[in-house]
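A short worksheet on the structure shown next.
Numbers here are sequence positions counted from 1.
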Amino acid sequence: MNKEALIQAGIQYEEGVYRFGGTPQIYEKYLLKFFDQNDLPMLRQALEDEDYDSAFKIAHNLKGGAGNLSIAAYFDQICELVEALRAGVKDRSLLAMLQKAEALYDTAYCAVKEEFHGKEN
């Protein structure tokens with residue numbers, strides 16, 4: 001396994017495995033599941049529709065999933081967006097934060113899919 005590629009993509013693999021009881025197979029299963037269920041388009045739509053309550057809920061859920069799975073770079077960016085929404089920010093900066101999060105998600109997604117291609121259960 002190329003853990004370095006995952007680390008470069010912002011995923012703290014060893015920490016994630018630890019969070020899942022030290023069982024790599026379980027961690028990998030949920031990591032793949034996280035990337036199969038991409039809620040970023042819903043978050044983008046909520047922000048574009050200026051539905052900030054829905055945007056907060058979606059972003060908060062994404063933050064929880066990313067944190068539990070130790071997808072660190074993406075998690076940090078989603079945290080920034082969640083905190084901005086919590087503080088009542090309602091301007092175009094939210095979309096800029098989302099765009100950064102989307103890029104980090106894509107980087108992590110590509111690394112995971114490349115590393116675990118064919119391992120999905």
Side-chain angles (χ1 to χ4, degrees):
M1 170 182 319
N2 185 359
K3 292 179 189 175
E4 188 60 34
L6 296 175
I7 292 167
Q8 288 177 356
I11 299 168
Q12 297 173 340
Y13 181 85
E14 294 296 335
E15 180 181 308
V17 169
Y18 176 79
R19 287 175 186 263
F20 282 77
T23 308
Q25 297 83 358
I26 294 174
Y27 173 67
E28 292 170 11
K29 175 183 176 181
Y30 283 97
L31 189 63
L32 286 164
K33 196 176 251 192
F34 178 83
F35 285 109
D36 285 341
Q37 181 183 345
N38 180 2
D39 290 338
L40 284 171
M42 288 183 352
L43 177 55
R44 176 170 284 286
Q45 190 62 54
L47 290 173
E48 289 174 353
D49 292 345
E50 298 180 2
D51 182 355
Y52 300 113
D53 289 335
S54 291
F56 177 80
K57 290 173 188 171
I58 295 165
H60 195 269
N61 286 338
L62 290 170
K63 172 187 160 187
N68 285 334
L69 291 163
S70 300
I71 309 169
Y74 172 70
F75 171 79
D76 291 343
Q77 186 59 42
I78 285 292
C79 283
E80 184 178 327
L81 180 56
V82 167
E83 292 311 311
L85 287 163
R86 182 175 280 134
V89 172
K90 295 180 179 179
D91 60 29
R92 303 291 297 171
S93 69
L94 296 172
L95 287 171
M97 287 179 226
L98 176 60
Q99 188 172 7
K100 289 178 186 176
E102 289 168 332
L104 292 166
Y105 175 94
D106 288 344
T107 298
Y109 171 84
C110 289
V112 166
K113 288 300 181 178
E114 185 174 314
E115 186 59 35
F116 301 114
H117 184 359
K119 280 190 167 183
E120 298 179 64
N121 298 337

Heavy-atom pair with the smallest gap, counting every atom of [X] and [Y]:
X	Y	answer
Tyr74	Ala66	CD2-CB, 3.5 Å
Ala59	Leu85	CB-CD1, 4.2 Å
Ala73	Leu104	O-CD1, 3.5 Å

With a sphere of 6.0 Å drawn around [atom1] of [X], does it hold more than 12 non-hydrogen atoms of other residues, nucleotides or ligands?
X	atom1	value
Glu83	CD	yes
Glu114	CD	no
Phe20	CZ	yes
Tyr30	OH	no

- Supply the atom-to-atom distance Leu62 CG to Cys79 SG, rounded to the nearest 0.5 angstrom.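 Between Leu62 CG and Cys79 SG, I get 11.0 Å after rounding to 0.5 Å.
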- Query: Which value, rounded to the nearest 0.5 Å, describes the distance between Gln45 atom CD and Leu40 atom CG?
  - Reply: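 Answer rounded to 0.5 Å: 13.0 Å.
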- Task: Would you indicate whether the side-chain heavy atoms of Leu32 and Lys113 approach each other to under 4.5 Å?
- Result: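 Touching, per the 4.5 Å side-chain cut-off.
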- Query: Donor-acceptor pair, Tyr105 side chain versus Phe35 backbone, under 3.5 Å?
  - Reply: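 Confirmed, Tyr105 side chain pairs with Phe35 backbone.
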- Message: I'd like to know whether the aromatic ring centres of Tyr27 and Tyr13 sit less than 6.0 Å apart in this structure.
- Response: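 For Tyr27 and Tyr13, the ring centres are under 6.0 Å apart.
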